[in-house]
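Single-structure report; data block below.
Worth saying up front: this structure is predicted, and the values here are computed from it rather than measured. So that the names make sense, note that chain A is the first sequence line, chain B the second, and so on, each numbered from 1.
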Amino acid sequence: MKKVEAIIKPFKLDDVKDALNGIGIKGMTISEVKGYGRQKGHTEIYRGAEYVVDFIPKIKIEIVVDANRVDLVVDTIRDAANSGTIGDGKIFVTPVERIVRVRTGEEDHDAI
Amino acid sequence: MHLRAQRGALEKLWQQGLSGQALLAEQSRLVDVFIRQHFQNATSELTCSIALVALGGYGRQELFPYSDIDLLILYQPEQQAEIKQVAEAILYPLWDAGLEVGHAVRTIEESMEHAGQEFFFQVAMLDARFLAGSQELFDDLLVRYRLRFIEGGRDEFVRSMKAFRAVRRKRFGSHSYLLEPHIKEGKGGMRDIQAMLWTAKVVFGLDSLQNIVEAGVLLEEEREAFSGSWNELVKIRNRLHYISGRKNDQLYFEHQEELARVFGYKTGTGILPVENFMRETHGHLQTIAVITDLFFEHVDEVFALAVKGERSVRDRILEKGIELRNNRLHLLVSPGELAARPYLLMRLFLASASTGTPVHHRTRKIVSASLGLIDDKMLVSPRMSRPFFELLLHPATPLSVLEVMLETGLLAAYIPELERISTLVQHDIYHIYTVDRHLLQTVAELRLIVEQDATVYLSVSSPHILYLAALLHDIGKGSGGNHSLIGAEMVGAVGARLGLEPAERDCLAFLVRNHLFMPDNALRRDLNDESFIRRCSETIGDSDRLAMLYLLSIADSRATGPSAWSEWKGALLQEMFLKISPYLEPGQIVAVHPDAVRQQVEQGADWLRRQVVLLLDAYADEEGQDAAAASPDGVAGPSLAVTDVGRLPADYLLSFTPGVVARHIRICRQNYQILQKKALIFPRELGQHWSLLIVARDRSGLLAKICGVLALHNLSVLSAQIFTWEGGEALTARDGLNPREPGVQAMDGSVSIAPEREKERPALAVDVLEVRPLDGLSFLEMDWQAVNDELDRALNHRLGLEHWIFQKLASIQERRKLPEAMLLGQQSRVVIDNDISDRYTVIEVHSADRAGQLYHITQTLAGFGVNIYRAFIATEIHQLIDIFYVLDSKGRKITDESFASEIREGLLYAIGRAL
């Protein structure tokens, strides 16, 4: 089992969600996050006043899938989230040791 | 006894139509019978020394299905030995029957002591009811209780009651309870009703609602409304217990739908049954809250509690009929006088806003009773609209003033359209306030935002339209369909009545129609998409509307609830605003109506000039004569600064903060002599990219040479802003601000300047380029002096940029082993567009990203005598997209198709030939 964590541009969320639904991924955790990488923060000017934008709003999606599905999931996210510009985001894949569904106590594969 | 079975019977009674208070009485009668029977079985010989007392809700015979049964087992101290057995005989069966029992076993002495320590027990005792055993013992307790806690402690009682009420209101007034109201503890809930009844009993000795009315504390209409709402709340709570199957007094989401179904609510136009149900429930809670508030204000007055701890305001007559007394506003006019001057009702609230004092509760009742005076004539009277706008805009108007206007009904009487959305609910977890409250909240949030960020607000030319839009933006809700469109239709009539000009009404309708435009798009659209941002700017039309829409969007989102607003969303909204703003900003490169906005540009630029002068003066003061010595002709002080700054083009001033402009000016002054011969580069590190200020005598092909040199030093250009400061007399003249029209004339002549025009003192090119290192060198590792020297050599025609760049390209391609095909595969494209900008021709060049590419492009443009005013350079994967805002050598747009085509071919050749 792997956890796929993707940081994407906010406006791409619907596209990514639809694409993931399309390959049968129904559950995911979504959070609003801020950060910066190559797409650095910047300063905007409005009528002489400076607005510093130091962190850029992004969406984080987390999904846990069986290892054999990871490549498909990653490719799907990459295709859907790509706008070809700086700040499109990153995808991280990490191993997951154990999963427990709280309500039933099911474990691992059954709990995905 | 089978108490459970009997509760089943209650369920049947309910189905037969018995509801509300009657059901409660029946419920407690059943429990009475059950308890008495067990008591008799256990205590046949002890009945004279033990009494069973019902307390709290059970004492009042208001027993909800799963409410606690509060029981006091009172005994004479000599029964100590037997009491345990008796208590068990009564309590066990109750527990076995599955009832929640709040029990206490005490002597009279212990009870009194406990009541002294515990206010809740003291209050529960108010509802004490004799159940079984010794009546004498019970009467003893009551007498002692009354003597000690009522006769001697009314003040204390009221104070404690008010304190608990305030705590409860605060705790159950939080966001989650707005969405899922707490029928018992929430604002306007059962506890508010009891608090009023208890207090009436203790303070005035009035032990029923009817007595309270007869004593003149409540009006008959108020009692009717109060009783009606009370009965409805009882029905709801009763059902809620059954549905939840436990003691639950909070109307959770899932229960709301089921209750709406059980009570037979129907779908209205565009409104769900559950929304109708909740709307009425909120209405009942509101009725109880308002009436109990009025009651407690009356109590405050009797005990003179209100004045203590409040800042005291001098009593005075504010105007004829409106007086300030004891920190409360009173309307002191005869009904006849009020009928002659109904606008006093509105002026009363203006007085409340401007003095910061609440309206007295009796006056609030007068307002509610006089709403009939707001007739058609008053709806259009300027005597109403003037104070209305004044209080809406008054910076001190607290939310509470608007709330009281809403609660008294004045707001809906004056703007009847508001009636439709009164206590309207939206059944989702997003909208936590009822629509009418949300509108008031939006006005309050707007006021906060204006305080926090005045810059945007200052550019709003008609604030009253903005505030009115905040108050009315959701007015179209509750009738199905798109509420923004419906609302926009409706506000026209409101605006006309309030005496707005047609243009103002248009603006109001625009704001209402588009109030979701920014929140909807900020999250869902690519804000880096130029064409999208341009379309937004076209939809919005001008900077005034943009500023209003932005402020309204934030206020609306914040007033909706915690899930509708976060700093995260705020950042996206701000980005969208700042992205659109330059398109609508007067004097900027994409000005929409250049002529109409020119005056505004000058004003804005003049203001910025003054800021720059102030900064320069401050520096001059700090540095004393240093600044003077460095300036070209040894003249120090503000006069030089003024003339200098007065010449700066408007678009330049609008592109930087005054601080940056002042820095540029100081740099140019201090290096004036050097700049006659050399170019200077001033690099600054800005996180991951660097900003280069490059100052040089303006000359043809300057940008191309800069680009070439930067390419040789592995610096990739991200964007370039190119300006020209008029040379010649600019630095010596001492006339005032703004000597000639800026913005237009001062902007002509940029990269390549017609040489004959600047014979004496050449113009200065001031270019700001954002660059990024390609070879991973850090800012400190860069040899900036080498870059500068090389630029000078290039400018003096001593450096063959052409062949150096060719060699570099060859070595890079070898090193990276980039397949030629990969570069060839990139589509090269040149688009020349005269529609995007009114002033400039926009040239878009798409090409493979290679070292020196920008040099080739700019060099080619220089060859055509084309001047570049702005450049945006975006690098995607192996693809370079450059956008240039240009004019031809005579300062005109490139409209001649054959010339345009020549440029296109030239550029395509330039970017393709090195392959």
Contacts with chain B made by residues 22-33 of chain A (heavy-atom distance under 4.5 Å), listed by residue number: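 Within residues 22-33 of chain A, the residues that come under 4.5 Å of chain B (heavy atoms only) are A:E32, A:V33.
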Measuring heavy-atom distances to chain A, does [X] have an atom under 4.5 Å in its side chain, in its backbone, in both, or in neither?
X      : result
B:L572 : both
B:V660 : neither
B:A547 : side chain

Residues forming a salt bridge (charged side-chain N to carboxylate O under 4.0 Å, His left out) with B:E567, sequence neighbours excluded: A:K34
With A:K17 via salt bridge (charged side-chain N to carboxylate O under 4.0 Å, His left out) - residues at least two apart: A:D14
side-chain hydrogen bond (donor to acceptor under 3.5 Å, both in side chains) contacts touching residues 102-112 of chain A (sequence neighbours left out): A:D66-A:H109, A:R98-A:E107, A:R101-A:E106, A:T104-A:E106
Separation between CD1 of A:I56 and CG of B:L527, rounded to the nearest 0.5 Å: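 Output value for this atom pair is 11.5 Å.
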